[in-house]
Amino acid sequence: MTHHTPDGLPEHIRHFIDGEFVDSLDGATFDVLTPLTNETYTQAASGSAADIDRAVAAAKRAFDEGPWPKMVARDRWRILNKIADAVEAQDARLAELETFDTGLPISQALGQARRAAENFRFFADLIVAQTDDTFRVPGKQLNYVHRKPVGVAGLITPWNTPFMLESWKLAPALAAGCTVVLKPAEFTPLSASLWAEIFREAGVPDGVFNLVNGFGETAGDALVKHPDVRLISFTGETTTGQTIFANAAPHLKGLSMELGGKSPAIVFADADLDAAIDSTLFGVFSLNGERCTAGSRILVERSIYDEFVERYAARARSIVVGDPHDKKTEVGPLVHPEHYAKVMSYVELGKDEGRLVAGGGRPDGVGAGNYVAPTVFVDVAPDARIFQEEIFGPVVCITPFDTDAEALALANAVKYGLAAYLWTTDLERAHEFAHGIEAGMVWLNSHNVRDLRTPFGGVKASGLGQEGGYRSLDFYSEQQAVHISLGPVHTPRFGASV
Ligand code: NAD
């Protein structure tokens, strides 16, 4: 099988600190692979605590002495929109690089690039439209909220949709006036280095955006533990989130945690079955199944179970798996051989825990990359590990239910609580069920399409705190209360009685 290799790949991916591309102070690098062949195509600088120190010092200087935190919102709006223009102008190139580095199908990577641009426009608009509270106590006091950026923010991101997820943190952090140090995922450092040029050309002052590549246990760890980093916004696995939570505790840092998921899609007998099948296929097999909000457990009412399973499995078997640069490809290779091994171990486990009706291993006719055929297990019991644990690949389990109460119990029977999808034409049931589900986000008769104003975040083991719209700006802002007397001050006169 032939693969597309983008022109102009960097020979070396470097950090970006205080407006300059730099190597690690100790010269350390790590190999970067393409999941299309698992061959090393470049080296990236591997950051240590010393590189993080350097980046945090630049970010702190830019925060304490530079113009960015104090700039009027309209001026920041102009720069943020220039960033969005630049992202849009190179969306095809971005998608090409992202596909090569992650294995995401090109059509889906293109959507991610556009969404990244939209994040910058959205938060730019939000800061110019922003209002804050003012309270008047007649004759006594006026109180108002003085909003200011918190300081240096550490942004730690995963590999599944790297550029888009970075934009999701960069846009509100910069819009709020913070300065940042970004530590992207080590599997996929390629697209992050594009931010440096984009920001520089848009007029972001030196030191406001800093990028340190490297491993979580070294560069990420040092960022979390750095005393001058006031906030950590993290997206990644639940277990990593727990480690970060503990490491940030001695410094009492602000934390935003977007973690793993094992989201249910519940299909009732009265659902529009064609729409539900389209959506539940897309919900778990798009982004190669490497999607935090994947509907990876499908619960189906027993009266339509056999028909659903038959139709679903037939479609899953027809999904086009192959070179992610081909526009027709629907599922590409998984990001890295380590992740491939993990997903494959769940595929083998599933053969004992459920009945395999589609996929179950490598598809035929693909090359050396990390390809997994879309895999469907049915009749999966709720105590099965493939029902309980996040697989983060193109693997789904299907379980029947008889009553609404049973469906709700099954939906809530895992430690995660990120998203849920409900398919029913009964409005009353839809709302009642949605309110009963332990999930941060529920989609009724819809797949994962999200307006940027809405809250995003999980409950239980899926996260802490909510982002989205003003919630993201609030995370990166202090809201200082200022109180002014409007008349004589009446104070108990201590020491005045004798
Ligand atoms: P991961 O937790 O392995 O790594 C995420 C990031 O954390 C990487 O940059 C990594 O280098 C860094 N890291 C690792 N250990 C660290 C440590 N001790 N200190 C500081 N940083 C550390 O996650 P991943 O495998 O890259 O991503 C997949 C996971 O992300 C899945 O669980 C998925 O559900 C989750 N995810 C969640 C959302 C959401 O919004 N809830 C979105 C996308 C992905």
Side-chain angles (χ1 to χ4, degrees), residues 30 32 44 46-49 52 101-102 104 112 115 119 154-169 181-189 192 211-226 229 232-249 253 255-263 284 286-296 334-336 338-343 346 389-393 414-419 439-441 448 450 454-468 471-472:
F30 62 93
V32 187
S46 181
S48 66
I52 290 287
D101 202 28
T102 63
L104 288 181
Q112 298 292 323
R115 184 75 163 179
N119 275 327
L155 314 179
I156 302 180
T157 48
W159 44 257
N160 60 325
T161 49
F163 196 78
M164 198 287 288
L165 280 176
E166 288 150 17
S167 76
W168 189 351
K169 297 185 189 302
V181 177
L182 168 68
K183 207 301 280 171
E186 54 269 40
F187 284 174
T188 55
L211 163 73
V212 177
N213 289 293
F215 294 98
E217 298 72 18
T218 46
D221 183 72
L223 188 58
V224 169
K225 292 177 179 164
H226 200 294
V229 175
I232 294 288
S233 176
F234 170 74
T235 300
E237 282 188 23
T238 297
T239 49
T240 315
Q242 287 168 319
T243 304
I244 290 178
F245 203 78
N247 288 339
K253 288 185 195 215
L255 291 174
S256 170
M257 295 265 166
E258 302 290 358
L259 309 176
K262 189 78 181 179
S263 301
V284 70
S286 55
L287 306 182
N288 301 340
E290 297 162 329
R291 182 195 264 283
C292 56
T293 50
S296 52
L334 300 186
V335 68
H336 193 274
E338 277 172 31
H339 184 58
Y340 172 79
K342 174 186 152 186
V343 172
Y346 277 106
E389 297 174 18
E390 183 180 46
I391 299 174
F392 219 56
V414 298
K415 70 174 180 176
Y416 296 107
L418 191 56
M441 297 165 284
N448 184 348
R450 184 181 152 260
T454 60
F456 185 100
V459 299
K460 302 201 294 189
S462 289
L464 265 184
Q466 249 125 8
E467 299 189 29
R471 295 161 198 82
S472 301

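Read the numbers this way: they start at 1 and go in the same order the structure lists the ligands and their atoms.
Contacts with ligand 1 closer than 4.0 Å are made by no heavy atom of Phe187, backbone or side chain. Contacts between Pro184 and ligand 1 below 4.0 angstrom, taking non-hydrogen atoms only, involve the backbone exclusively. Looking at Glu390 against ligand 1, only its side chain comes within 4.0 Å, counting heavy atoms. Looking at Ile156 against ligand 1, only its side chain comes within 4.0 Å, counting heavy atoms. Contact annotation: for Leu165 versus ligand 1, heavy atoms closer than 4.0 Å belong to the side chain alone.
Across the listed options Ala185, Cys292, Gly214, Cys292 owns the non-hydrogen atom lying nearest to atom 38 (C) of ligand 1. By heavy-atom distance, the residue among Asn213, Thr157, Leu259, Ile391 lying nearest atom 6 (C) of ligand 1 is Thr157. Atom 20 (C) of ligand 1 has its nearest heavy-atom neighbour, among Gly220, Ser462, Gly458, Ala248, in Gly220. Ranked by closest heavy atom to atom 23 (O) of ligand 1, the top entry among Glu237, Met164, Glu186 is Glu237. Comparing Thr238, Thr218, Thr240 against atom 1 (P) of ligand 1, the shortest heavy-atom distance belongs to Thr240. One option in Phe392, Trp159, Tyr416 has a heavy atom closer to atom 24 (P) of ligand 1 than any other, and that option is Trp159.
Every atom of ligand 1 is numbered from 1 in the order shown, and the set under 4.0 Å from a heavy atom of Ile244 is 19 (N), 20 (C), 21 (N). The distance from ligand 1 to the heavy atoms of Lys183 drops below 4.0 Å at these ligand atoms: 8 (C), 9 (O), 10 (C), 11 (O). Contact atoms of ligand 1 toward Asn160: 43 (C), 44 (C) (distance under 4.0 Å to a heavy atom of the residue). Close contacts of ligand 1 with Leu418, meaning ligand atoms under 4.0 Å from a residue heavy atom, involve 41 (N). Near Asp221, meaning under 4.0 Å from one of its heavy atoms, ligand 1 places the atoms 19 (N), 20 (C). Of all atoms in ligand 1, listed by their number and element, those nearer than 4.0 Å to a heavy atom of Pro158 are 24 (P), 26 (O), 27 (O), 44 (C).
Looking at heavy atoms from C-beta onward, Asn160 lies in side-chain contact with Leu165 at the 4.5 angstrom threshold. You'll find the side chain of Ser256 reaches within 4.5 Å of the side chain of Glu467, heavy atoms only. Within the 4.5 Å cutoff, side-chain heavy atoms of Gln112 are placed close to those of Leu287. Using a 4.5 Å heavy-atom cutoff, the side chains of Arg115 and Thr161 are not in contact. Using a 4.5 Å cut-off on side-chain heavy atoms (C-beta onward), Ser263 and Val414 make no contact. A heavy-atom distance below 4.5 Å is not found between the side chains of Glu290 and Thr102. Ile391 is not listed as a side-chain neighbour of Ser296, based on a closest heavy-atom distance of 4.5 Å or more. For the pair Leu259/Phe234, a side-chain contact is recorded, criterion being any heavy-atom separation below 4.5 Å from C-beta on.
Residue contacts with ligand 1 include Phe456, since one or more of its heavy atoms lies under 4.0 Å from the ligand.
Contact detail for Glu186 and Phe30: the closest heavy-atom pair is O-CE1, 3.3 Å. Nearest heavy-atom pair, Ile232 versus Leu223, reported as atom, atom and distance to 0.1 Å: CD1-O, 4.0 Å.
For the 3.5 Å distance criterion, the side chains of Thr235 and Lys169 qualify, holding a donor opposite an acceptor.
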Hey, mind stepping through Glu390 and Tyr416 against side-chain hydrogen bond (donor to acceptor under 3.5 Å, both in side chains) and telling me if it holds? CA-CA 9 Å; Glu390 183 180 46; Tyr416 296 107; 4.6 Å; no
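Shortest contact from atom 13 (N) of ligand 1 to any protein heavy atom: Gly216 CA, 3.3 Å. Nearest protein neighbour of atom 35 (C) of ligand 1, counting heavy atoms only, is Gly236 O, 3.3 Å.
Using the six-membered ring where Trp is involved, His336 and Phe187 have ring planes that are parallel, under 30° apart on the 30 and 60° scheme.
Atom 4 (O) of ligand 1 is not flagged as protein-proximal [any protein heavy atom, distance under 4.0 Å].
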